[in-house]
There are 2 protein chains.
Amino acid sequence: MDRRIPVDDRTGQRIVPDTARRPENRYGNRPTMKDVAARAGVGLKTVSRVVNGESGVTPDTERRVHEAIEALGFRRNDSARVLRKGRTASIGLVLEDLADPFYGPLSRAVEEVARAHGALLINGSSAEDPDREQELVLALCARRVDGLVVIPAGDDHRYLEPELKAGVATVFVDRPAGRIDADVVLSDSFGGARDGIAHLIAHGHRRIGFIGDMPRIHTAAERLRGYRAAMEDAGIPVEESWISLGVTDPERVRRAAEEMLSAPAPVTAIFAGNNRVTVTVVRVLAEHDRPVALVGFDDFELADLLKPGVTVIAQDAAALGRTAAERLFRQLDGTLITPERIELPTRLITRGSGELPPVD
Amino acid sequence: MDRRIPVDDRTGQRIVPDTARRPENRYGNRPTMKDVAARAGVGLKTVSRVVNGESGVTPDTERRVHEAIEALGFRRNDSARVLRKGRTASIGLVLEDLADPFYGPLSRAVEEVARAHGALLINGSSAEDPDREQELVLALCARRVDGLVVIPAGDDHRYLEPELKAGVATVFVDRPAGRIDADVVLSDSFGGARDGIAHLIAHGHRRIGFIGDMPRIHTAAERLRGYRAAMEDAGIPVEESWISLGVTDPERVRRAAEEMLSAPAPVTAIFAGNNRVTVTVVRVLAEHDRPVALVGFDDFELADLLKPGVTVIAQDAAALGRTAAERLFRQLDGTLITPERIELPTRLITRGSGELPPVD
DNA sequence: CTGAAAGCGCTAACAA
DNA sequence: TTGTTAGCGCTTTCAG
């Protein structure tokens with residue numbers, strides 16, 4: 001290609017062509033449909049037709065266009081397409097932490113549904129920080145994602161009102177939205193926890209510890225509610241020292257477990273509020289001499305291979321994601337109008353740790 | 001707002017305003033900067049200035065603009081912005097499977113670096129399918145991501161040449177690119193495997209099995225090479241029946257392990273080529289009567305709590321992702337020019353299973 | 001300090 | 001079957 005800069009014959013000044021005014025390295029100066037059209041000797045719209053597989057193009061013209069595309073390394077600029085069409089064919093997923101083994105399968109399930117609908121997935125981790133959640137959600141909205149799947153960190157989602165009004169499909173997962181009316185898909189945290197506690201009670205336990213997440217997190221609150229309900233059903237008065245809520249980092253959980261276990265009347269069983277808590281409690285119990293029963297919320301890999309196997313209340317993270325994403329696309333179809341709350345059942349999986357008898 | 005449709009006085013025909021020709025529900029008819037400008041009684045560019053926090057706007061004007069933004073629920077349309085500016089402030093990540101515990105932390109690490117640079121992360125799973133990898137990568141390029149982090153499934157990436165030429169920053173992770181010259185960040189698979197095998201040999205093993213991934217996957221090939229190197233260093237001739245390569249689904253791995261263990265001269269130790277293989281082998285060994293030593297590539301949660309603890313060659317998935325993402329943004333800076341190959345070291349973590357003596 | 005005009009690359013509508 | 005024109009909503013340039 002000729003790269004010499006043309007010069008005005010009279011003044012000697014450089015004649016800067018229009019394209020030189022483009023921002024430096026704009027898209028790396030990628031070829032556009034116009035360039036392809038020029039090279040193929042056809043009109044712009046014909047290129048558009050070929051690129052989009054529309055009918056009404058002679059095979060010969062089509063071939064010429066394809067050759068030009070190949071030669072120039074053209075790829076359609078979807079930003080322009082989106083600007084015109086108003087649909088991005090992408091959806092956003094905001095979750096707590098992509099590195100958490102609970103969210104991996106959930107995220108993958110959302111991705112699969114998106115893919116089936118020809119959409120890409122943009123995702124972000126809120127790190128359980130409401131401000132970061134909002135920042136992420138709004139960034140996604142600015143990119144005009146067609147829909148949002150949100151595992152909320154915050155409890156006030158009124159900032160989403162303009163988006164909902166504008167027709168951004170939205171489904172909350174794992175925890176409900178705060179102060180707005182929106183679709184939500186969650187596991188039956190209350191029922192699951194109640195079943196788990198009832199299971200421990202059925203095996204003779206009365207002093208049962210509960211170690212959960214921060215109470216502002218909906219699932220944590222619900223699981224605690226399930227704990228209290230099961231205890232009340234069995235007529236067991238709950239000592240508040242059996243309950244520990246807070247961040248689920250290993251240090252805090254370890255301390256909480258050790259306190260419960262070393263109290264004058266120690267707990268004989270522990271209910272762990274989520275997978276991270278369970279894993280930490282397993283470690284603590286491994287170092288503990290007296291056998292202590294354990295039931296955890298969330299299943300996890302290798303739970304069956306530990307000694308004893310860990311009894312859990314399993315929830316299906318992939319089903320959660322799949323259900324949410326499917327609802328999202330039904331909203332986009334227009335099939336779905338009224339926000340609903342969908343609760344998926346949990347399942348008690350007995351593996352040994354939850355069937356240990358109480359030892360004082 | 002007046003929503004009556006204006007009518008031509010003379011003919012009685014409806015005068016359809018231009019906006020009515022918008023596609024139905026285009027962005028849900030979201031307000032634009034023009035709408036905000038009209039409402040605030042200012043020019044379009046002033047709104048742009050306020051939205052982008054540029055200087056040179058009277059506090060009073062700014063307040064009026066903010067009020068209009070609030071009242072209308074305006075959010076800037078980044079598609080238009082991108083079209084104009086040529087940068088999307090987003091990067092793409094293509095990996096094998098978001099649900100795999102190895103990729104969760106890697107993905108999260110990439111996200112954190114992206115976030116630090118003000119970019120969003122779009123990701124997709126190739127499901128180890130080269131066609132799907134290409135499809136995803138090109139879709140990301142069409143969206144004009146500023147850069148790509150790719151864990152390749154295929155071994156021919158010449159389709160990326162136009163993108164590289166156009167200045168799309170690209171870093172391969174975990175496995176090198178095929179047939180193009182590109183940055184790559186990987187773990188020392190060869191050295192890690194060699195160390196692991198040497199460790200088993202040092203503990204007296206001679207008949208050592210190797211169960212790995214499909215040989216077309218670079219890491220699998222490298223780990224096998226490490227196995228052969230260690231065996232050769234020790235002067236142990238390798239029986240081909242000790243080696244099994246292929247998809248890492250539990251059924252195949254189980255069959256492979258059982259065959260090695262039930263042969264006339266069975267292996268006394270197994271080297272597992274990745275985390276999924278390791279977990280399956282652990283299950284097989286748990287059902288096996290004779291103790292068999294095990295070293296796995298990749299660390300995994302709870303490896304220390306199994307009986308015996310599982311000795312592994314650990315690689316740092318987060319470091320892999322972080323390093324790759326940092327290189328990506330250095331490419332975008334212009335700091336980095338020449339493609340390099342960066343190899344991160346692995347670490348042998350002894351926990352018991354790799355120190356079991358051979359039992360015939 | 002503010003605004004009008006041009007145009008990013010594409011698609012929709014219409015014309016030939 | 002093909003091409004022309006007019007924007008999508010924003011940023012850039014340049015003139016008030």
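Proteins get letters first, then strands, A, B, ... in listed order; numbering begins at 1 in each. As the structure is a prediction and not an experimental result, all values here were calculated from the model.
Mapping B/Gly43 and B/Ala80 onto DNA chain C by nearest heavy atom places B/Gly43 closer to the 5' end of the strand.
When each of C/dC8, C/dT2, D/dG3 is scored by its nearest atom to the side-chain atoms of B/Thr61, the top-ranked nucleotide is C/dT2. Counting only heavy atoms from C-beta on, A/Leu83 has its side chain closest to D/dC8 among D/dC8, C/dA13, C/dT2. Side-chain atoms of A/Met33 lie closest to C/dT11 of the nucleotides C/dT11, D/dT1, C/dA6.
B/Arg49 comes within contact range of at least one nucleobase, with a heavy-atom separation under 4.0 Å. Counting any heavy atom pair closer than 4.0 Å across all strands shown, B/Asp78 reaches no nucleic acid atom.
Not one N or O on the side chain of A/Ser79 forms a donor-acceptor pair closer than 3.5 Å with the backbone of B/Ser79. Side-chain atoms of B/Asp129 come within 3.5 Å of backbone N or O of B/Asp131 as a donor-acceptor pair.
Put simply, B/Lys34 has no side-chain N or O that comes within less than 4.0 Å of OP1 or OP2 on D/dC10. Proximity of B/Thr32 to the phosphate of D/dC8: no side-chain N or O atom is located under 4.0 Å from OP1 or OP2. When the side-chain nitrogen and oxygen atoms of A/Asn52 are compared with OP1 and OP2 of C/dT11, one or more of them lie within a distance under 4.0 Å. Taking only side-chain nitrogens and oxygens, B/Thr46 never comes nearer than 4.0 Å to OP1 or OP2 of C/dC1. The side chain of B/Arg84 contributes no N or O atom lying less than 4.0 Å from OP1 or OP2 of D/dT12. Checking the phosphate oxygens (OP1, OP2) of C/dC10, no side-chain nitrogen or oxygen of A/Ser79 falls inside 4.0 Å. Remark: A/Thr58 is not in phosphate contact with D/dT1, judged by side-chain N or O atoms under 4.0 Å from OP1 or OP2. In this model, the phosphate group of C/dT11 is approached by a side-chain N or O of A/Arg76 to a distance below 4.0 Å at OP1 or OP2.
Nucleotide C/dC8 holds its C1' atom 17 Å from the CZ atom of A/Arg81, rounded to whole Å. Between the CD atom of A/Glu54 and the P atom of D/dG3 there is a distance of 14 Å, rounded to whole Å. Rounded to whole Å, the distance from CZ on B/Arg144 to P on C/dG9 is 9 Å. Rounded to an integer number of Å, the gap from NZ of A/Lys45 to C1' of C/dG9 is 13 Å. Atom CG of A/Asp60 and atom C1' of D/dT2 are 14 Å apart (whole Å). Rounded to whole angstrom, the span from the CG atom of B/Asp35 across to the C1' atom of D/dC10 amounts to 13 Å. When rounded to the nearest whole Å, the span between CG of B/Leu44 and C1' of D/dC8 equals 13 Å. Note: CZ (B/Arg143) to C1' (C/dG9) measures 16 Å, nearest angstrom.
Across every non-hydrogen atom of B/Val149 and B/Val173, the tightest pair is CG1-CG2, 3.4 Å.
Among pairs with a residue in residues 59-79 of chain B, none fulfils ring-ring contact (aromatic ring centres under 6.0 Å, His included), at least two apart in sequence or across chains.
Heavy-atom contacts from other residues, nucleotides or ligands closer than 6.0 Å to CD of B/Glu67 number more than 12. The number of heavy-atom neighbours closer than 6.0 Å to CD of B/Glu54, taken from other residues, nucleotides and ligands shown, is above 12.
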